[in-house]
Amino acid sequence: MPTGEAATDIQPHSGASSVSYVGATKRYGDSELAAVDDLTLEVPAGEICVLVGPSGCGKTTAMRMVNRTVEMSAGDILVGGESVRSKDAAQLRREIGYVIQQIGLFPHRTITENIGTVPQLLGWKRDRIRARSAELLALVGLDPDLGDRYPAQLSGGQQQRVGVARALVADPLVMLMDEPFGAIDPINRERLQNEFLRLQAQVRKTVLFVTHDIDEAIKMGDRIAVMREGGRVEQYATPAELLMAPANEFVEDFVGADRALKRLALMRVSDIDLWEAPLATVGQPTAELRAKLDAPDVEVPYPLLVDDQRRPLGWLSERDLAAPTVPERPDSPLGPVLDRDDVMRDALADMLQGGAQYAAVTDAGGAVVGVLSVEIISEFLVSSAAKVDEHPAVERPLGAEGSDD
Amino acid sequence: MTSPTVFAAVGEVGKDFFKERTTDTLPCQSTDKLFCWDWARENFDRYETPLRQHVELVLISVAIGFAIAFALALLSHRHRWLRPPFLLGTGVLYTIPSIAFFFLLLPLTGRGRDTAIIALSAYTLQIIYRNTIIGLDNVSKSAVEAARGIGMTDRQILWKVEIPLARPEIFAGLQIATVSTVAIATLATFARGGGLGEPIFGGELGIDFKTNIIIAGGLAVLLAAAFGLLLLWLQRLVTPWRRVETE
Ligand SMILES: Nc1ncnc2c1ncn2[C@@H]1O[C@H](COP(=O)(O)OP(=O)(O)O)[C@@H](O)[C@H]1O
Ligand SMILES: [Mg+2]
């Protein structure tokens, strides 16, 4: 979908503020247990910080203290170094984007009017509001013609995009998103997540994102704060760190037994050191290849036949090697061919599906750059030391999407 | 409700309306015809003043009732503990029989239109108040939460989100109140308040003369229907988003 073709006056990498919790505490009424107890957390400007944890652990409370829709009992929160208490609450909220799970569009206002709510409160001129609304519609990938419709005329996914547009319209310093995709069906949720990451790649807002779904947290977060009852942060780390080295049993349980596999979803094939296959070309004397295979440090025990542009054609078998020269048609089929940008988890799935031990990996031009083996992956998974480069959420591979609606 | 005792008590009801008439100017009266066209054609202009008075009674009463009930609703929207007393208070006013209400007011406000308007306004309070608070209660919580989170003040939330979204119920209340006031206002004549009640209850003469009853009653029915349709149309006009939902 066409995210981001729109010209926009949201400046990338500008207008984002850090958010610092400094011993922020919330007690509802005179309850003994604090909903959020002494929370200290630093969210760097321009990053997506996901608050994740079981229901009732205080995520929403922690998030809403930022725009003071929940007032702190003690401690402070700084946005861009300034206490949220230094401003009038309504004023503060107009500078902070807010997206809630129930979307909360105003049923009696058109889409354009919904998006233009904050600008209207800020006293913008009519024409500027209209133009800005149209721009935001395009930015979130909606047809600007939808501007004159009412929310009830839009699908759930479209409404959620409008909610995001409404939150972004006045170029907020910070975005708060409380389970924004929680009410959307799984296929559309995946698509909205991907769209939001593409959008974030352009606008680079500081985002506080609440979810109870660890997979969503891993997908959306530059950093993840795993919380438990009382708003206590058990671990605050990048997704890869979290999956590789859970700080304690609670985090380990929460991220799930399949955390190793989840790590594979975060990386691309190119993030791992591939094996080198002996390459063969048609008509090459097989003696040369046999010599290569006898070398002590050989990683792949079969030569890979390629054409003159190094595009893979197939694997050579023992029988092929018994002939004096490399035949035009290799004995073994090529099997799966992977792109170096493929998501590692999908790559593994392809290999298992094809019953292949090895798969040729190619670059964008289709030329072989190496070989991925099931062995490399399993070694990677068991070695806790094996660390790959971290990608910010917006540069990570996006999951599969359903077809466009 | 039109027992002779009531007429006895009120005395001069309908006196003006029929004062110029004698039995021989009412050719149909002696015959037992249901509707006398000749008489109707000749005397239709006699109903203009009662009709105008009736419209005025209804409009003024509903306007006053709305102003009071709406203010009460807003007040008890902010301070919820006010709801039970307001519901009880408007409920009591609503249950006092109309004619008794006029008589109760007579020592205070005397006979005349003001007395009728006070009683009629009091009747509308319960319906308008109840509908308004239901409308405000029905406003989607997520819209209000979003409005607050986006930076609207309480006043802006009330006027830009809650009241607009409560319009369907508010107008439904206005519609019921107006239509029922058209009916109840026929009793205003017992307080000497004018209106279509005057020809309807125009002494023994009026009641037995069916043509008169049909014209006056028919005008009241038509008036109620006209007000009902007008308010329905207004309601649709101010809630354009509701028309698209079924598309
Ligand atoms: N308005 C409120 N009044 C009283 N208690 C509340 C209120 N909101 C939340 N809580 C309590 O605070 C705790 C944290 O709630 P919440 O922040 O909504 O958690 P989460 O978003 O993680 O599900 C829960 O125990 C909840 O019952
Ligand atoms: Mg929550």
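Not measured: the values here are computed from a predicted model. A, B, ... follow the sequence lines: proteins, then strands. Residue 1 opens every chain.
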Around atom [atom1] of [X], are there more than 12 heavy atoms of other residues, nucleotides or ligands at under 6.0 Å?
X	atom1	result
Asp127(A)	CG	no
Phe70(B)	CZ	yes
Arg52(B)	CZ	yes
Arg83(B)	CZ	yes
Phe44(B)	CZ	no

Quick one: does Pro240(B)'s side chain get under 4.5 Å of Tyr150(A)'s, heavy atoms only? yes
Any side-chain heavy-atom pair of Lys160(B) and Thr117(A) under 4.5 Å: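 Answer no - side chains too far apart.
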Which portion of Gln120(A) sits near chain B, non-hydrogen atoms under 4.5 angstrom: side chain
From [X] atom [atom1] to [Y] atom [atom2], the distance as rounded to the nearest 0.5 Å:
X	Y	atom1	atom2	value
Asn67(A)	Ile150(B)	CG	CD1	10.5 Å
Thr153(B)	Gln91(A)	OG1	CD	12.0 Å
Ile100(A)	Glu145(B)	CD1	CD	4.0 Å

Shortest non-hydrogen contact from [X] to [Y]?
X	Y	result
Met152(B)	Leu121(A)	CG-CD1, 3.7 Å
Arg166(A)	Ala146(B)	NH2-CB, 3.4 Å
His108(A)	Pro164(B)	CD2-CB, 3.4 Å
Thr69(A)	Gly149(B)	CG2-CA, 3.8 Å

Residues that Glu71(A) engages under side-chain contact (heavy atoms from CB on, under 4.5 Å), provided they are two or more places apart: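 side-chain contact (heavy atoms from CB on, under 4.5 Å) list for Glu71(A), sorted by chain: Arg68(A).
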Residues of residues 112-143 of chain B near chain A, each having a heavy atom less than 4.5 Å away: Ser142(B), Ala143(B)
